[in-house]
Structure formats: structure tokens, C-alpha cells
J.: 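Would you mind keeping the following structure in view while I ask a few things?
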Amino acid sequence: MSAETSTTASAPPDAGPDAQRLELLALLREGGRGAAGRQAARVRELFLALERATPADLTAPGALQLLEGVWELRWSSSNQPYLAVAPWIENLQLLAPSQGRAMNLLRLPGPLAPLAGIAVEAAITVNSTEATTTGANSRQRVQVRFQRGGWLGPRLGERRLQLLRGVRQPFPAWLDITVLDPELRLCRGNAGTLFALLRRPDLTLEDLLPAT
């Protein structure tokens, strides 16, 4: 059997961030969910290069509006099942800094997606004084406090069926947004995990976030 190879053209060693970004976008998109994991070494290399070349600044004008929306996890450095990227699951992250809210949502892809999902809601704070006093990069850090989780069902009229219970968070959690543009978001979790996400312009916060 021949070894599996990628059809994505690699940016030359001296390529700038634009070429590196395009290569990373192609790796995250091509071959469907989970395919980028087969090119993990190259994804990580491009990830680190873009962090150095184009670091995010959440204090910049328009940055929080850019952060807001529905994102899909396409690659992570974690082996944990709930952080995995697989063809049979959509791993979505909803960020609404304008409301101080966020949600992780696992659901089946395709026509079954609106019927049910496993959700964890959180309150988020961007550029908080807590980040500053702990020596964190307050230009990139989002503080996360998980609040409730459980089953999120389909919409019935203006309401959505849901069964969510309170969640205890025994330790502080955060997410550092290290690269951010209209299509791509790179970030690091408080456990050191690397995440690469693509924006889902076909999905909206209004349709997916449950009522408070």
C-alpha cells in the first residue's frame, strides 16, 4: 500500500504569513472533518508560524465583532474525545462577547443536526482585569466560567427544547485567541491545547444559542 499524501501545496520555507495562512486553510478544509489530523505536524508548524507573524489583539477596533459568531473546530492537539475532530460529528463553538456568552456544541452533521446536540454554556469576559493581574496577555485572553450543560433539542415554534443543568467548575478556565481573521481562528486553552477553527457563516448565534 502506498502512503497517504496530501494534495495541498506546501508554502515554501521562506513564504510569508499570507501563503502560510492559505495553506493552513486548505489543510483544515480539504478531505472533510478529521483530515487535518493526518497532517498534524504541518498544521502545528503553520499554527506556530502564524502566531508569531500575525498575533491577535482583542483590544483592536472591530476585533470583538470579528470574534463573534459560530466557529467549527477542525483540528486540535488534544486526544480527548470531546475535543476530537471526526467525520461523524460537528464540534461547534459559539462566541458572543457582546452578550458575555459562549457555548460548545457537539451534534451530528447534515440534516439531523438541528434535532439534538450536547451543549455546555459558559459566561465569558474579554480583556478582564483578572487576566491582567495574573500576568496573562490581556490582549488575547478570554476568561471562561462554565455554567450549565446537557441536551439541546429542536426548535418548536419560537422555543427550543432543552434539558440543561448547572455545571461546577473547580478551576479557572480561559482561552487565548492567538490568531483571528474573518475565516480562521487559532487559540490555546488553559491546559495548553492548540485549537484551529473555521468560521461557519451558514450558522447563526440566534438559531443556536438557547434562551437565557
Side-chain angles (χ1 to χ4, degrees), residues 1-58 63 66-95 102-110 112-113 117-118 120 137 140-142 144 173-203 208:
M1 295 179 63
S2 60
E4 184 174 7
T5 58
S6 170
T7 59
T8 303
S10 296
D14 59 347
D18 289 344
Q20 293 169 336
R21 174 184 175 274
L22 290 175
E23 183 186 350
L24 181 55
L25 284 172
L27 287 171
L28 297 176
R29 287 170 173 157
E30 288 182 1
R33 296 179 182 88
R38 296 191 287 272
Q39 304 291 329
R42 182 57 178 163
V43 171
R44 183 186 289 266
E45 183 179 358
L46 292 166
F47 189 113
L48 299 177
L50 288 173
E51 282 188 322
R52 292 190 296 268
T54 59
D57 181 356
L58 299 184
L66 198 60
L67 184 62
E68 187 135 344
V70 181
W71 301 82
E72 181 178 355
L73 182 66
R74 301 294 289 197
W75 177 84
S76 95
S77 62
S78 174
N79 294 320
Q80 297 293 333
Y82 60 91
L83 295 177
V85 180
W88 55 84
I89 199 79
E90 281 186 341
N91 196 328
L92 304 177
Q93 188 174 83
L94 287 62
L95 294 179
M103 184 174 77
N104 292 329
L105 176 63
L106 295 176
R107 67 179 195 173
L108 296 173
L112 296 178
I118 303 299
V120 179
N137 183 358
Q140 297 185 334
R141 181 149 296 184
V142 177
V144 180
W174 64 81
L175 195 64
D176 285 342
I177 311 299
T178 58
V179 174
L180 179 65
D181 68 39
E183 297 176 281
L184 176 69
R185 175 162 62 88
L186 306 182
C187 44
R188 293 173 176 260
N190 53 277
T193 305
L194 309 183
F195 302 99
L197 302 95
L198 297 178
R199 186 182 296 278
R200 287 288 302 269
D202 57 311
L203 301 176
L208 294 177

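Residue numbers count from 1 along this sequence. This structure is a prediction, so every number in the text was calculated from the model and none was measured.
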J.: Would you name the heavy atoms of Leu197 and Cys187 that are closest together and state the gap between them?
T.: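 Here Leu197 and Cys187 meet closest at CD1-SG, 3.6 Å.
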
J.: Atom CD1 of Ile177 and atom CZ of Phe195: how far apart are they, to the nearest 0.5 Å?
T.: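 Spacing of CD1 (Ile177) from CZ (Phe195) equals 10.0 Å.
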
J.: First locate atom CD of Glu23, then atom CG of Leu28, and finally report the distance between them rounded to the nearest 0.5 Å.
T.: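 If I round to the nearest 0.5 Å, the distance is 10.5 Å.
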
J.: Check whether Arg74 reaches the backbone of Leu198 with its side chain - one donor and one acceptor, N or O, closer than 3.5 Å.
T.: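 Side chain of Arg74 to backbone of Leu198, a donor-acceptor pair under 3.5 Å: no, none is there.
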
J.: Ignoring hydrogens, what is the shortest heavy-atom contact between Leu58 and Leu180? Give both atom names and the distance.
T.: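 Taking every non-hydrogen atom into account, CD2-CD2, 4.1 Å.
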
J.: Heavy atoms only: give me the nearest Asp57-Ala63 pair and the separation to one decimal.
T.: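 Looking at all heavy atoms of both residues, the closest pair is O-CB, 3.4 Å.
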
J.: Under 3.5 Å, is there a donor-acceptor pair between the side chain of Arg33 and the main chain of Val85?
T.: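 Looks like no, no N/O pair under 3.5 Å.
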
J.: Only counting residues at least two apart or in another chain, list the ones meeting salt bridge (charged side-chain N to carboxylate O under 4.0 Å, His left out) with Asp181.
T.: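 Once residues adjacent in sequence are excluded, the partners of Asp181 under the salt bridge (charged side-chain N to carboxylate O under 4.0 Å, His left out) criterion are Arg21.
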
J.: Begin with the C-alpha distance, continue with both residues' side-chain angles, and end with the deciding distance and a verdict on side-chain contact (heavy atoms from CB on, under 4.5 Å) for Glu30 and Gln39.
T.: CA-CA 11 Å; Glu30 288 182 1; Gln39 304 291 329; over 6 Å; no

J.: Measure across Ala196 and Leu73 and return the closest heavy-atom pair with its distance rounded to 0.1 Å.
T.: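 Looking at all heavy atoms of both residues, the shortest contact is O-CD1, 3.7 Å.
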
J.: Could I get the full list of salt bridge (charged side-chain N to carboxylate O under 4.0 Å, His left out) partners for Glu68, not counting sequence neighbours?
T.: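 Per chain and number, Glu68 pairs via salt bridge (charged side-chain N to carboxylate O under 4.0 Å, His left out) with no residue.
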
J.: With sequence neighbours left out, what residues match Ala40 under side chain to side chain contact (heavy atoms under 4.5 Å, CB included)?
T.: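 Expected list: Trp75.
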
J.: My understanding is that only one of Glu45, Arg44, Arg38 makes a side chain to side chain contact (heavy atoms under 4.5 Å, CB included) with Arg42; could you say which?
T.: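 Option passing the side chain to side chain contact (heavy atoms under 4.5 Å, CB included) with Arg42: Glu45.
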
J.: What distance separates Asp176 CG from Leu194 CG, expressed to the nearest 0.5 Å?
T.: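 The distance works out to 11.0 Å.
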
J.: Measuring from atom CG of Leu105 to atom CD of Gln93, what distance do you get when rounded to the nearest 0.5 angstrom?
T.: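 The CD atom of Gln93 is 11.0 Å from CG of Leu105, to the nearest 0.5 Å.
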
J.: Dump the intermediate steps for side-chain contact (heavy atoms from CB on, under 4.5 Å) on Leu24 and Leu186, then the final yes or no.
T.: CA-CA 11 Å; Leu24 181 55; Leu186 306 182; 4.0 Å; yes

J.: What's the verdict on side-chain contact (heavy atoms from CB on, under 4.5 Å) for Thr54 and Gln20, showing C-alpha distance, side-chain angles and the deciding distance?
T.: CA-CA 11 Å; Thr54 59; Gln20 293 169 336; over 6 Å; no

J.: How far does CG of Leu108 sit from CD1 of Ile89, to the nearest 0.5 angstrom?
T.: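 The CG atom of Leu108 sits 5.5 Å away from the CD1 atom of Ile89.
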
J.: State which residues pass side-chain hydrogen bond (donor to acceptor under 3.5 Å, both in side chains) with Asn91; sequence neighbours excluded, sorted by chain then number.
T.: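 Listed in chain order: nothing, the list is empty.
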
J.: Just how far is it from atom CZ of Arg199 to atom CG of Leu67, taken to the nearest 0.5 Å?
T.: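 Reported value, rounded in 0.5 Å steps: 8.0 Å.
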
J.: For Arg200, what residues pass the salt bridge (charged side-chain N to carboxylate O under 4.0 Å, His left out) criterion, not counting sequence neighbours?
T.: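 Salt bridge (charged side-chain N to carboxylate O under 4.0 Å, His left out) check on Arg200 returns Glu72, Glu90, Asp202.
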
J.: Got a list of side-chain donor-acceptor pairs under 3.5 Å for residues 46-53, not counting sequence neighbours?
T.:
unit_1: Glu51; atom_1: OE1; unit_2: Arg188; atom_2: NE; d: 3.4
unit_1: Glu51; atom_1: OE1; unit_2: Arg188; atom_2: NH2; d: 2.8
unit_1: Glu51; atom_1: OE2; unit_2: Thr178; atom_2: OG1; d: 2.9
unit_1: Glu51; atom_1: OE2; unit_2: Arg188; atom_2: NE; d: 2.9

